[in-house]
Amino acid sequence: MRRLLDPINLAAFGFALSLIVVWQLLADAHLLSPIFFPSPLRAIEVLQYRAFDGSLWTSLAWTALRMVVGWLLASIIGIALGAAIGSFRLARVLLNPTLEFIRPLPASAVIPVAILFLGLSNAMSLTVIAFGAVWPVLLASVHGFSSVSPQLADVSNVLGLKRHDFMRKIALPSALPDIVAGLRVSLALALILTVVTEMQSSLPGLGWDIFFAQRSYRSADLYAGLIMLAVLGFAANHLIMLFERRALRWRNLGT
Amino acid sequence: MQPLRKTVGSVRPEKAEASALEVSGLTVRFGARTILDGINFDVRDGEFLCIVGSSGSGKTTLLRVLAGLARPAEGKVQFAGAEISGPSRDRAIIFQDYSKALLPWRTVRGNVALSLEARNVPASEQDAIVDELLGIIGLSRAKEQFPSQLSGGMQQRVQIARCLAQDPKLLLMDEPFGALDAMTRQSLQDEILQLVADKKIATVFITHDLEEAIYLGDRVIVLGGSPAGIMETMEIDLPRPRNQLTTREDGRFLAYRHRLFELLVQEHPPQAFEGKGQQ
């Protein structure tokens with residue numbers, strides 16, 4: 001609680017609030033047509049209404065679920081591949097050229113292919129999200145696993161740790177700071193791709209809500225959806241930062 | 001396996017003991033460069049052997065071969081009668097850079113327990129062993145702290161405790177106290193002497209501090225030349241237990257120091273010689 005009342009946090013909150021006030025004043029002045037530029041109060045009214053009829057929560061749940069599941073897929077694949085490439089020369093030699101070739105592909109360009117194979121389905125959406133979000137965590141994991149200090153490898157050898165114990169007890173914790181940084185970037189990408197695939201294939205969720213609102217010129221609904229997406233992204237990022245602070249507690253002790 | 005010792009008098013006890021470690025004709029190369037050339041020596045059971053030499057003389061390489069972390073190009077290294085083919089738990093090594101040798105994400109307890117986990121000691125027994133070792137090495141109060149919260153001397157103690165948890169028969173130490181302040185270094189010197197004497201662990205101790213080598217060792221080997229070979233082997237005839245004041249003031253101590261200093265200076269001009277021990 002004390003952290004929330006910190007002067008700097010109060011100032012940041014005040015700044016955001018003043019932006020909304022300016023938004024409201026500009027809208028009230030009718031400089032732009034309310035069809036494109038509704039007031040924030042109108043957007044909040046929509047949120048209230050949709051919160052009561054429940055449609056807001058359904059959309060939010062779908063989007064959050066897709067984002068989290070897609071991100072988890074990306075994370076598992078990214079960490080596993082990253083561990084292999086970062087730790088074993090054979091995997092590096094074998095996989096690197098292919099991965100370097102696929103990596104520059106924009107994930108959105110893969111959507112038509114995914115639709116071709118999987119239809120307008122959740123499976124398609126998750127595949128695209130996982131494909132697009134895997135790269136940051138993969139690259140970070142490769143870096144983390146390949147930069148385990150050789151001295152710790154010596155320690156492990158002298159103690160006679162088995163290969164899998166070395167990976168679990170030394171390499172993974174040593175790579176964790178890199179991995180967590182990658183996970184954060186991947187999560188942001190996962191949200192982007194969730195919205196894109198919802199728009200592309202009429203899957204229920206906040207992305208589709210926004211798309212539909214725009215097509216039917218309901219700009220207050222559009223902004224309401226944007227606000228919810230911002231809240232979702234903000235909350236997800238904060239959860240990861242909480243996890244990071246906990247898992248990497250040893251890094252922030254200092255002396 | 002030695003028959004009963006007949007007399008105590010003139011024969012130094014170490015000489016009557018069997019060799020724990022035997023190095024013969026050891027040559028090590030990195031690519032085309034020969035680092036060590038034709039090294040022969042042995043370490044007797046329970047002996048404290050010090051190896052000195054200026055930096056770049058291959059001391060660390062030699063120790064890595066003894067640990068099984070580096071392979072000789074030629075020659076034989078035998079430990080307890082068997083040729084060394086790789087690292088083994090009965091040969092513990094204490095690295096010079098303690099900050100890189102500890103797991104920063106594990107507490108002191110967790111770092112020491114790593115040895116026990118590798119030995120498959122049941123989790124229920126680990127705590128008692130860790131507590132005992134931390135008591136011996138004077139770290140009981142720091143048990144739940146992370147390495148980054150400890151001073152250099154304390155971190156090096158954690159490394160020593162972890163090595164002891166391996167239950168080694170040979171302790172290899174690579175300039176372990178080089179980065180510590182003088183007072184901490186002296187107390188750790190005395191503690192390590194006490195520890196290896198109590199546990200009867202043979203020790204190979206590398207240093208470039210000549211006084212440290214004489215103070216600790218039963219023998220001091222001087223490495224030098226390029227590629228490096230053994231320039232001299234010196235028996236240190238000083239009474240034990242050693243004492244930071246009286247041992248260092250002993251005339252023989254000063255004579256040994258004089259001799260070692262001359263040996264290393266003739267090899268390296270004074271400005272290139274890093275004589276940490278010359279106060």
Side-chain angles (χ1 to χ4, degrees), chain A residues 75 79 82-83 86-89 137 140-184 240-255, chain B residues 60 63-64 66-70 84-108 110-121 142 144-152 154-155 158-159 162-168 170-172 174:
Chain A
S75 307
I79 294 171
S87 310
F88 305 102
R89 225 183 72 84
V137 65
S141 302
V142 169
H143 181 260
F145 277 95
S146 61
S147 47
V148 176
S149 112
Q151 191 126 44
L152 289 184
D154 283 348
V155 168
S156 165
N157 279 332
V158 172
L159 293 181
L161 281 179
K162 305 225 163 42
R163 185 85 215 180
H164 65 268
D165 276 335
F166 169 75
M167 292 300 286
R168 193 164 60 88
K169 294 179 175 174
I170 293 183
L172 180 65
S174 162
L176 199 59
D178 282 318
I179 294 174
V180 174
L183 286 176
R184 273 178 71 183
I240 283 214
M241 278 165 65
L242 272 182
F243 166 77
E244 179 172 8
R245 209 173 303 152
R246 197 161 267 247
L248 303 180
R249 190 165 64 93
W250 55 272
R251 291 186 102 205
N252 311 316
L253 296 165
T255 33
Chain B
T60 296
L63 205 68
R64 287 179 67 82
L66 302 185
L69 292 169
I84 290 177
S85 60
S88 154
R89 273 169 221 151
D90 51 14
R91 278 173 279 126
I93 180 163
I94 291 178
F95 295 98
Q96 176 179 20
D97 192 348
Y98 40 80
S99 64
K100 285 195 189 142
L102 298 174
L103 312 187
W105 53 86
R106 283 194 178 212
T107 59
V108 167
N111 267 286
V112 177
L114 186 68
S115 285
L116 303 175
E117 292 164 24
R119 276 170 58 197
N120 295 320
V121 175
E144 301 302 337
Q145 291 192 295
F146 288 93
S148 64
Q149 297 173 293
L150 304 176
S151 67
M154 303 253 281
Q155 290 186 43
V158 177
Q159 217 196 154
R162 183 175 70 195
C163 283
L164 292 177
Q166 270 178 261
D167 199 15
L170 179 68
L171 189 58
L172 305 166
D174 186 6

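Chain letters run A, B, ... following the sequence lines, proteins first, then strands; residues in each count from 1.
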Nearest heavy-atom approach of Val158(A) to Arg91(B) is CG1-O, 3.5 Å
Distance-minimising heavy-atom pair for Gln151(A) and Ala101(B):
CG-CA, 4.2 Å
Could you work out, with side chain to side chain contact (heavy atoms under 4.5 Å, CB included) as the rule, every residue matching Leu172(A), not counting sequence neighbours?
Phe145(A), Ile179(A)
Rounding to 0.5 Å, atoms CG (Leu116(B)) and CG (Leu159(A)) come to a distance of 9.5 Å
Those residues at least two apart in sequence (or on a different chain) that pass side chain to side chain contact (heavy atoms under 4.5 Å, CB included) with Ala92(B) are Cys163(B), Gln166(B), Pro168(B), Leu171(B)
Between Arg119(B) and chain A, with a heavy-atom cut-off of 4.5 Å, which part of the residue counts as in contact: side chain, backbone, both or neither?
neither
I'd like to verify something: which residue of Pro173(A), Ser156(A), Pro150(A), Ala247(A) has the highest number of heavy-atom pairs under 4.5 Å with chain B?
Pro173(A)
From NZ (Lys162(A)) to CD (Glu117(B)), nearest 0.5 Å
12.0 Å
By a 4.5 Å heavy-atom criterion (distance strictly below it), what part of Ile170(A) contacts chain B: side chain, backbone, both, or neither?
both
Measuring from Ile93(B):CD1 to Asn157(A):CG, what's the distance to the nearest 0.5 Å?
11.5 Å
With a 4.5 angstrom heavy-atom cut-off, which part of Asn120(B) approaches chain A: side chain, backbone, both or neither?
side chain
Looking at every non-hydrogen atom in both residues, tell me the closest pair between Gly160(A) and Arg89(B) and how far apart they are.
O-NH2, 3.3 Å
Sort out for me which of Pro104(B), Ser88(B), Pro147(B) touches chain A most, counting heavy-atom pairs under 4.5 Å.
Pro104(B)
Report which part of Ser174(A) has an atom under 4.5 Å of a heavy atom belonging to chain B: side chain, backbone, both, or neither.
both
Please classify the contact of Ser115(B) with chain A as side chain, backbone, both or neither, using a heavy-atom distance under 4.5 Å.
both
Nearest heavy-atom approach of Leu114(B) to Lys169(A) is CD1-CD, 4.4 Å
